[in-house]
Amino acid sequence: MDVQTKLKQSYLNQPSEKISGAEAVIRCLIAEGADTIYGYPGGAIMPVYDELFKYQDQIHHVLTRHEQGATHAAQGFARISGRVGVAIATSGPGATNLITGIADAQIDSTPMVCITGQVPSHLLGSDAFQETDIVGISTPVTKWNHQITDATEIPEVLAKAFYIARSGRPGPVLIDITKDAQFGELDFTYKKCEGIRSYNPIPRVDKKQLSAAAELINAAKKPLIVWGQGVILGEAEEEFKAVIEKSGVPSAWTIMGVSAIPTSHPLNVGMVGMHGNYGPNVLTNACDVLIAIGMRFDDRVTGKLSEYATQAKVIHFEIDPAEIDKNVKTDVAVLGDAKESLKELLPLLKKNTHTEWLEKFSELSKIEFEKVIKNDLHPTKEGLTMGEVLKEINTQSKGEAAIVSDVGQHQMIACRYAEFSKSRGNITSGGLGTMGFALPAAIGAKMATPEREVVAVIGDGGYQMTIQELGTIFQTKAAVKIVVLNNDFLGMVRQWQQLFFDKRYASTVMTNPDFVTIAKGYHIEAKRVTKREELASAVEEMMASKDAYFLEVCVEKEDNVFPMVPSGASVSEIRLE
């Protein structure tokens with residue numbers, strides 16, 4: 001039994017002991033296995049930080065340089081490990097600075113518990129110094145939230161918070177604790193939450209719906225699977241692989257689902273969505289059965305809803321009942337945990353191959369290669385492309401690195417071209433599209449899995465939104481590899497301005513600082529690449545480093561990301577140029 005497990009068990013179901021509310025918070029975190037937390041101290045959370053000081057050998061607190069950085073680091077920690085990420089902040093601006101990361105975690109189903117300090121309960125509603133109604137503010141973007149005004153509430157509420165955050169479809173929970181509750185005393189015992197009345201996080205699989213799904217799949221001539229992050233969140237990678245290999249169904253992924261199976265798998269036909277691959281987008285509107293697994297039919301995936309897969313029977317495997325028929329009308333809905341659902345589906349499927357149908361994907365892939373991929377990965381022009389940088393990272397990492405991307409052109413290039421041989425390899429801001437996500441998220445990911453290489457791929461715009469987290473890397477020695485693809489533009493917005501606004505580049509030109517000098521100011525080894533012949537050796541040097549490393553690659557300023565489904569268009573109207 002490891003030390004952390006012993007510590008967890010030492011606080012579970014033990015005889016009561018009189019302690020402060022602040023100490024109770026720390027003991028609850030230890031009991032839940034939260035050995036790494038991210039935060040920023042302040043007046044209203046100071047009692048908790050004072051107790052945290054006493055427990056430094058049991059909880060590693062990471063001082064980020066901004067509270068938003070704390071939430072994104074907690075997200076990265078959770079996304080790569082499957083554990084609950086924890087962020088902590090003071091009241092007022094400290095609490096409101098968490099909101100972007102909380103909203104990001106909500107839409108991307110990331111398990112996270114955020115703890116905020118609050119003014120003393122007798123001052124609530126008085127506009128006291130650094131008072132904000134963080135419960136009211138966070139209600140739309142949390143799975144659950146609660147304000148504690150009495151120390152005796154702390155163990156039960158925090159147990160419930162961790163249970164809600166990790167169970168069913170995961171999400172963020174915020175617990176706000178008044179300062180007097182932190183100072184107050186209680187007879188402390190801790191019991192983990194194992195269920196809540198009226199809350200049913202995992203629906204029971206309906207055998208009739210499962211049989212109906214299997215019948216449609218078995219009879220299909222041109223079936224297509226689109227899978228999302230639900231496969232990864234449900235730890236259903238092996239079951240999913242078994243299902244597609246037995247059924248022979250070509251399978252495409254959303255950007256949140258990539259890495260559930262290796263990108264090299266013969267039934268992996270690529271990415272769907274606005275900048276997805278040509279074949280799976282076009283053939284979505286040609287398949288006879290569309291099988292959605294752990295995805296939510298986001299607008300970036302469907303394009304024009306009225307023309308999305310109207311010819312197909314739609315099967316939806318989903319844990320959250322709210323997602324069924326929300327955007328796309330289903331013929332068969334299978335509610336339940338992905339792992340359990342796919343395990344029960346497997347024996348109902350007939351062994352099959354869809355050779356001719358798969359050939360259609362291959363034909364369209366060849367067209368995409370000639371029109372797009374060849375120019376991205378094997379360019380003939382003088383300037384470097386983002387695609388060839390990803391190609392070089394793939395070569396050096398052999399598909400084993402986790403790629404953490406921000407939002408913009410580089411994100412789409414990273415999702416399109418990064419190669420993955422193991423799950424939880426792609427960490428990005430999918431639903432909210434948060435610039436500034438990648439750098440702190442990479443810190444959290446590296447701390448959760450120090451044995452795994454973590455490479456942050458970031459644009460020059462998003463990088464500067466949380467560039468202060470270089471200070472966190474410097475202080476903690478987190479060995480994150482940072483690659484900034486610098487085109488001196490807010491690239492994705494510029495692409496839209498070029499294509500749809502007659503090249504009126506309004507407020508998208510970036511006048512950037514010397515990124516290498518800034519990195520070196522934080523004692524991080526750094527290099528800039530401007531020529532193709534420099535790229536391979538620079539990436540090799542970065543990947544060989546045992547410490548944090550910053551690599552700036554100056555790429556073509558006006559390269560665009562294709563294919564592209566224009567806004568409001570059907571997925572079959574995808575453009576290759």
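What you see is a predicted model, and the numbers here were worked out from it, not measured in a lab.
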* Asked: Just wondering, are more than 12 heavy atoms of other shown residues or ligands nearer than 6.0 Å to NZ in Lys326?
  -> yes
* Asked: Quick one: does Lys527's side chain have a donor or acceptor within less than 3.5 Å of a partner on Ala538's backbone?
  -> no
* **Greater than 12 external heavy atoms within 6.0 Å of Lys381's NZ** => yes
* Asked: If you round to the nearest 0.5 Å, how far is CH2 of Trp496 from OG1 of Thr508?
  -> 14.5 Å
* Does the Lys481 side chain pair with the main chain of Ser545, one donor and one acceptor, at a distance under 3.5 Å? -> yes
* Should we say atom CD of Glu356 is surrounded by more than 12 heavy atoms from elsewhere, each under 6.0 Å from it? -> no
* Considering the options Val231, Leu335, Leu210, which one meets the side chain to side chain contact (heavy atoms under 4.5 Å, CB included) requirement together with Phe317? -> Leu210
* Asked: If you measure only the distance, is there a donor-acceptor pair under 3.5 Å linking the side chains of Ser109 and Gln229?
  -> no
* To do: Show your reasoning for whether side chain to side chain contact (heavy atoms under 4.5 Å, CB included) applies to Leu348 and Glu215.
  => CA-CA 8 Å; Leu348 303 178; Glu215 190 175 327; over 6 Å; no
* Say whether, by atom type as modelled, one donor and one acceptor occur between the side chain of Asp288 and the main chain of Lys221 under 3.5 angstrom. => yes
* **Test log, rule side chain to side chain contact (heavy atoms under 4.5 Å, CB included), inputs Asn285 and Gln311** => CA-CA 7 Å; Asn285 282 357; Gln311 79 295 335; 4.3 Å; yes
* Report the C-alpha separation of Gln75 and Met112 in whole Å, then their side-chain angles, then the decisive distance to 0.1 Å, and conclude whether the side chain to side chain contact (heavy atoms under 4.5 Å, CB included) test is met. => CA-CA 7 Å; Gln75 285 179 276; Met112 183 165 69; 4.2 Å; yes
* Verdict with supporting geometry, Glu245 and His265, side-chain hydrogen bond (donor to acceptor under 3.5 Å, both in side chains) -> CA-CA 10 Å; Glu245 288 180 346; His265 194 285; 2.8 Å; yes
* **Sub-6.0 Å ring centroid separation between Tyr463 and Phe550** => yes
* Can you check whether Ile482 reaches Ile473 side chain to side chain, under 4.5 Å on heavy atoms? -> yes
* Asked: Looking only at atom types and distance, does a side-chain atom of Thr330 sit under 3.5 Å from a main-chain N or O of Val328, one as donor and one as acceptor?
  -> no
* Asked: What is the distance from atom CE of Met510 to atom CZ of Arg494, rounded to the nearest 0.5 Å?
  -> 13.5 Å
* **Rounded distance [0.5 Å steps], CD in Glu388 versus NZ in Lys391** => 8.5 Å
* NZ of Lys343: more than 12 outside heavy atoms within 6.0 angstrom? -> no
* Judged by modelled atom types alone, do Thr254 and Asp298 share a side-chain donor-acceptor pair under 3.5 Å? -> no
* To do: May I ask you to check whether over 12 heavy atoms, not counting those of Glu534, lie within 6.0 Å of atom CD?
  => yes
* Structure fact -> For Pro223 and Ile291 the tightest heavy-atom approach is CB-CD1, 4.2 Å
* Between Lys143 (side chain) and Arg169 (backbone), is there a donor-acceptor pair under 3.5 Å? -> yes
* Structure fact -> All heavy atoms of Pro280 vs all of Phe361, minimum pair found to be CA-CE2, 3.8 Å
* Looking only at non-hydrogen atoms, find the nearest pair between Asp331 and Ala312 and report the distance. => OD2-O, 4.0 Å
* To do: Using distance alone, with no hydrogens and no angle criterion, decide if Gln464 and Asn512 have a side-chain donor and acceptor under 3.5 Å apart.
  => yes
* Structure fact -> Taking every heavy atom of Arg532 against every heavy atom of Leu384, the minimum-distance pair comes out as CA-CD2, 3.6 Å
Going by atom type alone, with no hydrogens or angles, which donor-acceptor pairs under 3.5 Å involve a side-chain atom of residues 413-429 and a protein atom two or more places apart or on another chain?
unit_1, atom_1, unit_2, atom_2, d
Arg416, NH1, His275, O, 3.4
Arg416, NH1, Gly276, O, 3.3
Arg416, NH1, Glu368, OE2, 3.1
Arg416, NH2, Glu368, OE2, 2.7
Tyr417, OH, Asp376, OD2, 2.7
Ser421, OG, Gly399, O, 3.1
Ser423, OG, Glu237, OE2, 2.6
Arg424, NH1, Arg79, O, 2.8
Arg424, NH2, Ile232, O, 3.4
Asn426, ND2, Ile255, O, 2.8
Thr428, OG1, Ser405, O, 3.2
Thr428, OG1, Ser405, OG, 2.9
Thr428, OG1, Asp406, O, 3.3
Thr428, OG1, Gln411, NE2, 2.9
Ser429, OG, Asp104, OD2, 2.5
Ser429, OG, Gly433, N, 3.2
Ser429, OG, Thr434, N, 2.8

* To do: Return the minimal non-hydrogen interatomic distance between Leu358 and Pro250, and the atom names on each side.
  => CD2-CB, 3.6 Å
* To do: Please indicate whether Arg452 has more than 12 foreign heavy atoms, meaning atoms of other residues, nucleotides or ligands, lying under 6.0 Å from its CZ.
  => yes
* Asked: Given side chains that start at C-beta, do those of Ile319 and Ile202 come closer than 4.5 Å, heavy atoms only?
  -> yes
* Any donor-acceptor pair under 3.5 Å from Glu469 side chain to Pro440 backbone -> no
* Asked: Just checking, is any N or O donor in the side chain of Ser247 or Asn352 under 3.5 Å from an acceptor N or O on the other one?
  -> no
* So with a 6.0 Å cut-off around CD of Glu307, is the heavy-atom count from everything else above 12? -> yes
* Gap separating the CG atom of Leu377 from the CG atom of Leu390, nearest 0.5 angstrom -> 8.5 Å
* Assess whether side chain to side chain contact (heavy atoms under 4.5 Å, CB included) is satisfied between Val334 and Glu344, documenting all intermediate values. => CA-CA 11 Å; Val334 182; Glu344 293 189 26; over 6 Å; no
* Over 12 non-hydrogen atoms of neighbours within 6.0 angstrom of CD in Glu235 -> no
* So, for Ile225 and Ile293, which heavy atoms are closest and what is the spacing to 0.1 Å? -> CG2-CD1, 4.0 Å
* Rounded to the nearest 0.5 Å, how far does OG of Ser537 lie from CE of Met542? -> 11.5 Å
